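The model shown is predicted, which means the values in this text are computed figures rather than measured ones. Chain A is the first sequence line, chain B the second, and so forth, proteins listed ahead of strands; every chain is numbered from 1.
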Amino acid sequence: MRLATWNVNSIRARVDRIVDFAVREHIDVLAMQEIKCKTEQFPFEKFEAAGFEVEAYGFSQWNGVAIASRKPIENVRTAFPDMPGFAKGHEGPDAPQEARALGATIDGVEVWSLYVPNGRALGDPHYDYKLHWLKALEQYTRQTLAASPDLPLALVGDFNIAPTDADNGDPTVVQGFATHVSPPEREAFAAIEAAGVHDVVRPLVPTGFTYWDYKQLRFPRNEGMRIDFVLGSSALADAVTGAEIHRNERKGEAPSDHVPVVVDLDFASDEDDDDRPMIF
DNA sequence: ATGACTTGGTAACCAAGA
């Protein structure tokens with residue numbers, strides 16, 4: 001299975017570019033974030049014409065997640081347990097959930113397309129929401145893997161956290177003043193990893209960004225951030241045979257501000273057949 | 001110079017992104 005994740009920043013604004021990528025790169029499963037449309041507005045036909053079926057989930061111009069797959073998408077969920085909600089003027093435990101998570105089982109792999117809340121600013125209600133959202137994801141991860149230790153689980157998407165200083169090349173994102181690099185966010189990311197999922201891309205692609213702001217020539221200056229990840233359980237990580245960050249997708253006509261991250265998985269290979277990198 | 005992009009929705013700006 002060739003699995004990719006991409007914050008597309010509006011599916012309707014660049015659907016041809018995204019389908020072209022999926023076809024050209026022989027992607028089997030493409031998790032998308034920030035589709036920026038309602039479910040019924042998703043351009044399903046363009047994906048279907050290319051051999052994909054699609055599950056999409058969105059209900060406003062904000063957020064929205066989707067999964068396109070060449071194989072059947074089963075057991076679809078639009079939230080993980082205790083996922084908190086958020087709405088302007090409607091904070092607290094009763095706030096409605098947003099379209100930020102889409103889980104499914106595809107060919108035996110549990111895949112979640114995740115769009116972690118941005119946080120907006122330190123001290124903003126959205127920042128607390130982000131931390132609560134990450135805590136609920138951590139708890140779901142721990143409980144799921146406690147019940148099914150051998151489950152191939154992939155948490156993929158835009159985590160809106162640069163886990164290390166090397167993952168932040170944007171000079172305006174300064175610790176103490178900005179989200180994405182604050183210690184509580186980094187601790188929340190580490191806690192999810194401690195719950196049993198690992199960044200399966202970094203061992204194979206140790207450097208490189210996945211996002212560059214549209215403003216201030218951030219891409220030509222390569223002042224980006226690594227905030228899009230594929231976190232895999234042990235069973236998933238053991239199947240990884242390759243990983244790529246497709247930096248070229250930030251170039252050309254009307255790019256997203258994020259680029260796709262791709263992982264190759266081979267569940268059939270014999271454990272003793274050691275012709276692939278041992279990363280864990 | 002407290003911003004310099006891009007998107008979608010709405011009604012000519014505005015919220016949101018990170």
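Near DNA chain B, defined here as any heavy-atom distance below 4.0 Å, the residues from residues 4-12 of chain A are A/Asn7, A/Ser10, A/Arg12, listed numerically.
Going from the P atom of B/dA4 to that of B/dG17 covers 16 Å, rounded to whole Å. Only the C1' atoms considered, B/dA15 is 11 Å distant from B/dT10, to the nearest whole Å.
Considering only residues two or more places apart in sequence or on other chains, A/Asp107 meets the salt bridge (charged side-chain N to carboxylate O under 4.0 Å, His left out) condition with A/Lys71. Residues meeting the side-chain hydrogen bond (donor to acceptor under 3.5 Å, both in side chains) test with A/Arg2, sequence neighbours left out: A/Glu25, A/Glu244, A/Asp264. The salt bridge (charged side-chain N to carboxylate O under 4.0 Å, His left out) search around A/Arg17 returns A/Glu249, not counting sequence neighbours. When the side-chain hydrogen bond (donor to acceptor under 3.5 Å, both in side chains) test is applied to A/Lys135, the partners found at least two apart in sequence or on another chain are A/Glu138.
Phosphate contact (OP1/OP2 of B/dT7, side-chain N/O of A/Arg14, threshold under 4.0 Å): present.
Using a 30° and 60° split on the angle between ring planes, A/His246 and A/Phe21 fall in the perpendicular class, above 60°.
Mapping A/His180 and A/Lys38 onto DNA chain B by nearest heavy atom places A/Lys38 at the nucleotide closer to the 5' end. Remark on DNA chain B: of its neighbouring residues A/Asn160 and A/Ala254, the 5'-side contact belongs to A/Ala254, judged by nearest-heavy-atom nucleotide.
The CG-P distance, from A/Asp124 to B/dG17, rounds to 9 Å in whole Å. Whole-Å rounding puts the A/Gln41 CD to B/dG8 P distance at 10 Å. In this structure, A/Gln61 places its CD atom 7 Å from P of B/dT10, rounding to the nearest Å. For A/Glu34 and B/dC5, the CD to P distance is 19 Å, given to the nearest whole Å. Atom CZ of A/Phe219 and atom C1' of B/dT6 are 16 Å apart (whole Å). Look at CE on A/Met225: it is 12 Å from C1' on B/dG17, rounded to the nearest Å. Between the C1' atom of B/dT7 and the CD atom of A/Gln33 lies a distance of 17 Å, rounded to the nearest Å. Computed from coordinates, the A/Asp213 CG to B/dT6 P distance equals 10 Å when rounded to whole Å.
At a threshold of 4.0 angstrom between heavy atoms, the contacts of A/Asp170 with the nucleic acid are absent. Backbone-only contact: A/Tyr115 has heavy atoms under 4.0 Å from sugar-phosphate atoms and none from a base.
Donor-acceptor pairing under 3.5 Å is lacking for the side chains of A/Asp170 and A/Trp212.
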Under 3.5 Å, which protein N or O atoms sit close to an N or O of nucleotides 12-16 of chain B? Give each pair with its distance.
none

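Using a 4.5 Å cut-off on side-chain heavy atoms (C-beta onward), A/Met1 and A/Ile106 make contact. Between A/Ile227 and A/Phe209, every side-chain heavy-atom pair lies at or beyond the 4.5 Å cut-off.
With salt bridges taken as basic N to acidic carboxylate O contacts below 4.0 Å, none links A/Asp213 and A/Arg221. By the 4.0 Å N-to-carboxylate-O rule, A/Glu98 lies close enough to A/Arg100 to be salt-bridged with it.
Minimum atom distance to the side chain of A/Ala13 is reached by B/dT7, of the listed B/dT7, B/dC5, B/dG17. If you check B/dG17, B/dT7, B/dG9 against the side chain of A/Lys215, the one that comes closest is B/dG17.
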